[in-house]
Amino acid sequence: MLNRITRYASLLFAAVMLISCGKEGGVTKKTLEISVDKKFVQTFGGDYINLTVTLGGEKITQDVTFFDENDEVLLVDDFKYMTEVPGEHEISAAYGTYFSEPVKVTAIAVAIPETPEDEHPERTDFRPRVLLTQFTTTGCTWCPSMKHVLKNALNDSYADKVVKVDCHASTMSRNDPAYVDLKDFEEQCNGLLPSVNLDLAETTGYLQGMTGADMQGFIDGWFEFKSDNAAGIAVNSVATDDQIVAKVSVKAAQTGNYRVGLMLLEDNIVATSSQTQLGSGAEDWMNTHNSCVRYMDARDGKYYYGHQLGQIAKGESEDYVFILDLESIWDRGSLKAEQNGCTWSPRWVNEELHLAVFVTTSAAVDKNEILYVSNVIDCPINGVTPFEYR
């Protein structure tokens, strides 16, 4: 960056002086922007990303210099970005005295998986599940009580009605190796500790005397609400030592607008849970934390309801590709944990990772339009998970 600034120092100074005239000088400050037609590129087979550069909304087609995340000049032919280096990259542009903010892309060293085959294209009776997100942390003295409630609720007949994930987003536990930088997601769900959110739409906190049957009642409400219109989800994923590529196919049971999101989950994170306020103590099983959210790819603007798929007609499907660069995820997680005074578990173990893929849509409830999880599945990071019909 220093070399670039030095290189253009005199031009920048002149530009700043000119812009400082503002409206009196008849000059309007413009912004240089770079955009891409897709967020991922394969490192083989001649694959490329089309780059578009605009200045004040007008397209620039020549005399643009591109830079990588190390501020080294990129050789880009005809605005087509190619790379042989897998991982997450940044691309920024310079035009005259203007510089753009960088855009992030991911290069992958494996082929994009094929769309999962639909063995029953005529059917739309998908098996529904509820996304149950437990907001917890190892330093929460009331959380063991909520864990007891969930253990009693998710017995044999209810375990298959839900996909349960644990989000350790609170910074109140400084030694929680399952910490994840998702405080804004916790706030979106009103996730005060301890609490459980159902289908990104309803949150219940722990109340003294709450039972497993109480939690089953909450689950039943959402399960029945969407049982006849749950979307179908199929996933074909490929995992390498440091990347996961997942192609998700979403099939509509009812015509509507849909979004899709993904959580990367990790099992067998060992950390001692705090003693409970109720005096019963944290039991040994509470010290092994499973289905912990390590990363969430579902943000659209401010909220985590998933990436827009648009309208899908009943019985039709739409695909979405997720690219997870594990090295970047763990580096960022370690940094954010350190910044928040928390610990962070060491390098991932592929055998402990799996995915929660969810689809959201909207519905009218009490004359209000709400977004909620239409369906969710838990699937491996490597393999095919087909549509599950009843």
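As a basis for the values below, the full set of heavy atoms in this structure was taken, side chains included, without hydrogen atoms, waters or symmetry mates. Starting from 1, each residue takes its place in the sequence as its number.
- Between atom CG of residue Asp378 and atom CZ of residue Arg129 there is a gap of 9.0 Å, rounded to the nearest 0.5 Å.
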### Task
Might you work through the side-chain hydrogen bond (donor to acceptor under 3.5 Å, both in side chains) test for Asn229 and Gln254, ending with a clear yes or no?
CA-CA 6 Å; Asn229 57 11; Gln254 301 291 338; over 6 Å; no
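- Cluster annotation: Trp348 is not connected to Met296 through the hydrophobic network of ILVMFWY side chains, with a link wherever side-chain heavy atoms come within less than 4.5 Å.
- Between Glu90 and Val103 the shortest side-chain heavy-atom distance does not fall below 4.5 Å.
- By the 6.0 Å contact criterion, NZ on Lys314 is open, its count of non-hydrogen atoms from other residues, nucleotides or ligands being 12 or less.
- No chain of hydrophobic side-chain contacts below 4.5 Å, direct or via other Ile, Leu, Val, Met, Phe, Trp or Tyr residues, connects Tyr305 to Val359.
- A distance of 11.5 Å separates OG of Ser345 from CG of Asn268, quoted to the nearest 0.5 Å.
- Across all non-hydrogen atoms, the minimal contact from Asn350 to Thr240 is ND2-O, 3.0 Å.
- No more than 12 heavy atoms of other residues, nucleotides or ligands sit less than 6.0 Å from atom CG of Asp77.
- Looking only at distances, a side-chain donor or acceptor of Ser100 sits under 3.5 Å from a matching main-chain atom of Ala93.
- Salt bridge Arg299/Asp297: absent, no basic N to carboxylate O contact under 4.0 Å.
- Counting heavy atoms of neighbouring residues, nucleotides and ligands inside a 6.0 Å radius, atom CD of Glu69 exceeds 12 of them.
- Of the N and O atoms on the side chains of Asp184 and Tyr303, not one donor lies less than 3.5 Å from an acceptor on the other residue.
- In this structure the side chain of Ile34 never reaches within 4.5 angstrom of the side chain of Thr52, judged on heavy atoms.
- Taking the six-membered ring for Trp, Phe79 and Phe66 have ring centres closer than 6.0 Å.
- Two residues are said to be in side-chain contact when any heavy atoms from C-beta on lie closer than 4.5 Å; Leu326 and Ile244 meet this criterion.
- Looking at Ser334 and Asp331, their side chains never bring a donor and an acceptor atom within 3.5 Å of each other.
- One finds the CG atom of Leu200 at 6.0 Å from the OG1 atom of Thr133 (value rounded to the nearest 0.5 Å).
- Looking only at side-chain heavy atoms (C-beta outward), Tyr95 and Thr65 stay at 4.5 Å or farther from each other.
- With respect to Gln134, the side chain to side chain contact (heavy atoms under 4.5 Å, CB included) criterion is satisfied by exactly one of Asp166, Val293, Asn197, Val149: Asp166.
- In the hydrophobic clustering of this structure, Leu193 groups with Val165; members are Ile, Leu, Val, Met, Phe, Trp, Tyr whose side-chain heavy atoms approach within less than 4.5 Å, directly or through other members.
- By the 30° and 60° cut-offs, the orientation of the rings of Trp222 relative to Phe225 is perpendicular.
- Formation of a donor-acceptor pair under 3.5 Å by the Glu318 side chain with backbone atoms of Lys251 is not found in this model.
- Residues Phe135 and Glu186 come closest through the heavy atom pair CE2-CA, 3.6 Å.
- Of the possible polar contacts, one joining the Asn257 side chain to the Gln311 backbone as a donor-acceptor pair under 3.5 Å is found.
- Residues Tyr179 and Asn340 bring a donor and an acceptor atom of their side chains to less than 3.5 Å of each other.
- Linking Ile, Leu, Val, Met, Phe, Trp and Tyr residues whenever their side-chain heavy atoms come within less than 4.5 Å leaves Val384 and Leu353 in two separate clusters.
- Residues Val250 and Tyr320 form no side-chain contact, since every pair of their non-hydrogen atoms from C-beta on lies 4.5 Å or further apart.
- Taking a cutoff of 4.0 Å between a charged side-chain nitrogen and a carboxylate oxygen, Glu283 and Lys147 do not qualify as a salt bridge.
- Outside the 6.0 Å centre-distance limit, the rings of Phe358 and Tyr304 are not counted as a close aromatic pair.
- For the 3.5 Å distance criterion, the side chains of Asp319 and Thr115 qualify, holding a donor opposite an acceptor.
- Classification of the His148-Trp285 ring pair by plane angle, with boundaries at 30° and 60°, yields perpendicular.
- Asp118 contributes a side-chain N or O that, together with a main-chain N or O of His120, makes up a donor-acceptor pair within less than 3.5 Å.
- Residues Val41 and Ile108 fail the side-chain proximity criterion, which asks for heavy atoms closer than 4.5 Å.
- Distance CD1/Ile233 to SG/Cys379: 8.5 Å, rounded to 0.5 Å.
- In this structure, Thr203 contributes its side chain and Asn190 its backbone to no donor-acceptor pair below 3.5 Å.
- Side-chain contact between Glu327 and Gln243 is absent, with no heavy atoms from C-beta onward closer than 4.5 Å.
- Residue-environment remark: CD (Gln339) exceeds the threshold of 12 foreign heavy atoms within 6.0 Å.
- Geometrically, Lys336 does not engage Trp344 in a cation-pi contact defined by less than 6.0 Å to the ring centre and at most 45° from the axis.
- Of the possible donor and acceptor atoms, one in the side chain of Thr211 sits under 3.5 Å from a partner among the backbone N and O of Asp214.
- A donor-acceptor contact closer than 3.5 angstrom is absent between the side chains of Thr106 and Asp325.
- Within 6.0 Å of atom CD in Glu119, 12 or fewer heavy atoms from other residues, nucleotides or ligands are found, so the atom counts as exposed in its surroundings.
- Atom CG in Asp181 sits 5.0 Å away from atom CZ in Arg332 (nearest 0.5 Å).
- Taken together through direct or relayed side-chain contacts under 4.5 Å among Ile, Leu, Val, Met, Phe, Trp and Tyr, Leu198 and Met146 form part of one hydrophobic cluster.
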### Task
Walk me through it: do Thr138 and Ser173 pass the test side-chain hydrogen bond (donor to acceptor under 3.5 Å, both in side chains)?
CA-CA 6 Å; Thr138 55; Ser173 183; 2.6 Å; yes
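- Residues Asp199 and Lys226 are paired through a salt bridge, judged by an N-O separation under 4.0 Å between the basic side chain and the carboxylate.
- At distances below 3.5 Å, at least one donor-acceptor pair connects side-chain atoms of Asn155 with backbone N or O atoms of Ser157.
- Glu388 places no side-chain N or O within 3.5 Å of a backbone atom of Arg127 that could act as its donor or acceptor partner.
- Between Leu132 and Ile219 there is a side-chain heavy-atom pair separated by less than 4.5 Å.
- Ion pairing between Lys38 and Asp47 holds under the 4.0 Å rule for side-chain N and carboxylate O.
- The closest side-chain donor-acceptor pair between His354 and Asp267 falls under 3.5 angstrom.
- One N or O on the side chain of Ser237 and one on the backbone of Ile381 form a donor-acceptor pair closer than 3.5 Å.
- Note that the OG atom of Ser291 and the CG atom of Leu355 stand 11.0 Å from one another [nearest 0.5 Å].
- Tyr48 has its ring centre no less than 6.0 Å from the ring centre of Tyr81.
- The aromatic rings of Phe322 and His307 are tilted relative to each other, their planes meeting at an angle between 30° and 60°.
- The aromatic rings of His168 and His289 stand perpendicular to each other, their planes meeting at an angle above 60°, with 30° marking the opposite boundary.
- Side-chain atoms of Lys30 never come within 3.5 Å of backbone atoms of Glu58 as a donor-acceptor pair (strictly under, hydrogens ignored).
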